[in-house]
Amino acid sequence: MDSVAVIDFETTGMSPEQGARATEIAVVLLRGGEVVDRFQSLMNTGAWVPPFIEELTGISNEMLDDAPPAERVMREVAEFVGGVPMVAHNASFDRRFWEAELARAGRAGGNPFACTLLLARRVYPEAPNHKLGTLARHLALPVTGRAHRAMADAEMAAGLWLGIRRALAQRYRLPDPDHSTLCALQSVPRAGLAAWIGRHCGG
DNA sequence: TGCCAGGCCCTCTTTAGGGCCTT
């Protein structure tokens, strides 16, 4: 199994294009189905954290006053991740912040992202919904810490990623699919999932 | 005061609208 970097951002809002900035980042490095390394840091961008976000994440403006500057954190995490393909829950969100914060730090991104939300909608259609916390309970994943903190959410997403791979192996005889295969699979129409796997993966 | 994103996905669809996800 190739290495993947499972990432989660906490931020001040929904969109970097609208001025939102990252407040915390966590990355869990998976290799061979195991967590082999972790990176986590608060990051100070100078942006103000709205009260609603403080309550949601537990990350306060005071905490960020003492956090290292975002540019330094992003350079460090870019070194940590390197060229490893990435995974996130609702990856379109984390990818936008990954690219935006790296660009501010003078670093290039471009890592491919797989999305556990899109995959879970296909692999776990029976789940009550496809929020990260709900899926973690659905799969009986271990509680990894306070929800809406970056490392706890990255650990949950990593567990979900491994659960999706196990489910694909069990249901579709698709053992150890690589990152690029799952990136393709996450865009396959739900109803055609089994047929697509049969055509493209010999399952 | 009120508003603010982007992408996927379903359906009472496709010349569109709205719910789901992420903070």
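Reminder, nothing fancy here: chain letters follow the sequence lines and each chain counts from 1. The figures here come from the full heavy-atom set of this structure, side chains too, leaving out hydrogens, waters and symmetry mates.
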Sugar-phosphate atoms are those with a prime plus P, OP1 and OP2; base atoms are the rest. Using that split, label each nucleotide of nucleotides 18-23 of chain B B, S or - for protein heavy atoms under 4.0 Å, 5' to 3'.
-> --BBBB

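Comparing the C1' positions of B/dG6 and B/dT23 gives an interatomic distance of 13 Å, to the nearest angstrom. Distance check on atom C1': B/dC3 versus B/dC8 gives 24 Å, rounded to whole Å. Spacing between B/dC4 and B/dG18 at atom P, rounded to whole Å, works out to 13 Å. With both ends at atom C1', the span from B/dC12 to B/dG7 equals 23 Å, rounded to whole Å.
With hydrogens and angles ignored, the 3.5 Å screen pairs no side-chain donor or acceptor of A/D2 with any backbone N or O of A/D178.
In this entry the distance linking CG of A/L119 with P of B/dC8 reads 13 Å, nearest Å. In this entry the distance linking CD of A/Q186 with C1' of B/dG7 reads 12 Å, nearest Å. Between A/Q18 atom CD and B/dG2 atom P there is a gap of 20 Å when expressed in whole angstrom units.
The residues A/R107 and A/E79 are annotated as salt-bridged, a charged nitrogen and a carboxylate oxygen being separated by less than 4.0 angstrom. Note on A/R149 versus A/E10: no salt bridge recorded, every NZ/NE/NH1/NH2 to OD/OE distance being 4.0 Å or above.
Of all heavy-atom pairs between A/A70 and A/R21, the closest is CB-NH2, 4.3 Å.
Nearer the 5' end of DNA chain B, as judged by each residue's closest nucleotide, is the contact made by A/S15, out of A/S15 and A/V188.
The shortest distance between the side-chain N/O atoms of A/R95 and the OP1/OP2 oxygens of B/dG6 is not below 4.0 Å.
The line from CD1 of A/I25 to CZ of A/F9 is 3.5 Å long, rounded to the nearest 0.5 Å.
Using a 4.5 Å heavy-atom threshold, the side chains of A/V6 and A/V27 count as separate.
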